[in-house]
Amino acid sequence: MMNMRNTTSAVLAGGKSSRFGSPKINARIGEHTLLEKMLHIARHISPNAMLILGRNNLAVSQETPVYPDLIPDCGPLGGIYTALYYSSLPYVCILPCDMPLLKPAIYRLLCHFLSDHAPVVAVSGKGIEPLVSVWPKKLLPIIHDEILGGNFRIKHTLQKLQAVQVDIKSHLTEYSQDIFRNINFQSDLQHIQNTGELYGS
């Protein structure tokens, strides 16, 4: 198994939260904000965590390093590019900003399949989960070229790079589709608030 200390974990929080109605990273679940919960998960994946904020000018009071997108308005692929650029380590675990039931064990599983030549991405009961993935820093020039070419779709990039797809349900004993439930609407937040355990191992 790969040493997780060779990885950086990066939470991507560059979305506009238009469907949620307000910046979702500030939404509260219990005593913590959604962002605080995602950074909690990120730090359990790797002691080297960062936050990618896109164009958001939100006040973030965290010890975690915060970086704006190097190439703005490219969607999540721009966030991945920024995370890879700033990482001093060879691999980056990517987390969305809105899946507070994610388990660090998923990323340890993904790293079992990691190489220097392709990203590794989780597959849930709904299909591929592009923002639950691990990327080698060596792919930085390729992703840069994709962005400059106007190719911002993560699924297209994953296919081009022949990403390894890992069926989480087949490997994780305590699997639930709620692990991958993201918060797009207020109703999603309410569902997660009613779903017991928020931190996995």
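This one's a predicted model, so the numbers in the text were calculated from it and none came from an experiment. Only heavy atoms go into these numbers, but all of them, side chains included; no hydrogens, no water, no symmetry mates. Numbers for residues simply follow the sequence, beginning at 1.
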Audit row: I168, L109, side-chain contact (heavy atoms from CB on, under 4.5 Å) steps and yes/no:
CA-CA 8 Å; I168 302 302; L109 173 60; 3.8 Å; yes
Applying side-chain contact (heavy atoms from CB on, under 4.5 Å) to V120 and V166, what does each step give before you reach the verdict?
CA-CA 7 Å; V120 182; V166 180; 3.6 Å; yes
Nearest-0.5 Å distance that lies between atom [atom1] in [X] and atom [atom2] in [Y]:
{"X": "L102", "Y": "E129", "atom1": "CG", "atom2": "CD", "result": "8.5 Å"}
{"X": "Q165", "Y": "L110", "atom1": "CD", "atom2": "CG", "result": "11.5 Å"}
{"X": "L12", "Y": "L77", "atom1": "CG", "atom2": "CG", "result": "10.0 Å"}
{"X": "C97", "Y": "I183", "atom1": "SG", "atom2": "CD1", "result": "8.5 Å"}
{"X": "T7", "Y": "R108", "atom1": "OG1", "atom2": "CZ", "result": "11.0 Å"}
{"X": "L114", "Y": "C93", "atom1": "CG", "atom2": "SG", "result": "8.0 Å"}

Same hydrophobic cluster for I80 and V123, using side-chain heavy-atom links shorter than 4.5 Å among ILVMFWY?
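No, I80 does not connect to V123 through the hydrophobic network.
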L89 with L140, same ILVMFWY side-chain cluster at under 4.5 Å
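Hydrophobic grouping puts L89 apart from L140.
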[X] and [Y]: which non-hydrogen atoms are nearest, and at how many Å?
{"X": "E174", "Y": "I179", "result": "O-CD1, 3.7 Å"}
{"X": "L158", "Y": "P119", "result": "CD2-CG, 3.7 Å"}
{"X": "S133", "Y": "Y107", "result": "O-CE2, 3.8 Å"}
{"X": "M99", "Y": "V132", "result": "SD-CG2, 3.9 Å"}
{"X": "L131", "Y": "P96", "result": "O-CD, 3.1 Å"}
{"X": "L172", "Y": "I106", "result": "CD2-CG1, 4.1 Å"}

Under 3.5 Å: donor-acceptor pair, side chain of [X], backbone of [Y]:
{"X": "Y86", "Y": "V66", "answer": "no"}
{"X": "K137", "Y": "L84", "answer": "yes"}
{"X": "D69", "Y": "I71", "answer": "no"}
{"X": "Q177", "Y": "G125", "answer": "yes"}
{"X": "T33", "Y": "A27", "answer": "no"}
{"X": "S9", "Y": "A42", "answer": "yes"}
{"X": "R28", "Y": "E31", "answer": "yes"}
{"X": "S87", "Y": "A83", "answer": "no"}

Evaluate side-chain contact (heavy atoms from CB on, under 4.5 Å) for L51 paired with L35, printing each intermediate quantity in order.
CA-CA 9 Å; L51 174 64; L35 178 59; 3.7 Å; yes
Measuring only between side-chain heavy atoms, which start at C-beta, is [X] closer than 4.5 Å to [Y]?
{"X": "N151", "Y": "T157", "answer": "no"}
{"X": "L139", "Y": "P136", "answer": "yes"}
{"X": "L161", "Y": "I142", "answer": "yes"}
{"X": "V92", "Y": "V134", "answer": "no"}

Any ion pair linking E146 and R153 (charged N to carboxylate O, less than 4.0 Å)?
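No, this pair does not count.
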Residue pairs, two or more places apart or on separate chains, that pass ring-ring contact (aromatic ring centres under 6.0 Å, His included) and touch residues 164-183:
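Only F113-H171 qualify under ring-ring contact (aromatic ring centres under 6.0 Å, His included).
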Among residues two or more places apart or on two chains, list those pairs meeting ring-ring contact (aromatic ring centres under 6.0 Å, His included) that have a residue in residues 129-156.
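Only Y81-H144 qualify under ring-ring contact (aromatic ring centres under 6.0 Å, His included).
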Might you work through the side chain to side chain donor-acceptor pair (under 3.5 Å) test for R43 and T64, ending with a clear yes or no?
CA-CA 9 Å; R43 294 188 195 105; T64 305; 2.8 Å; yes
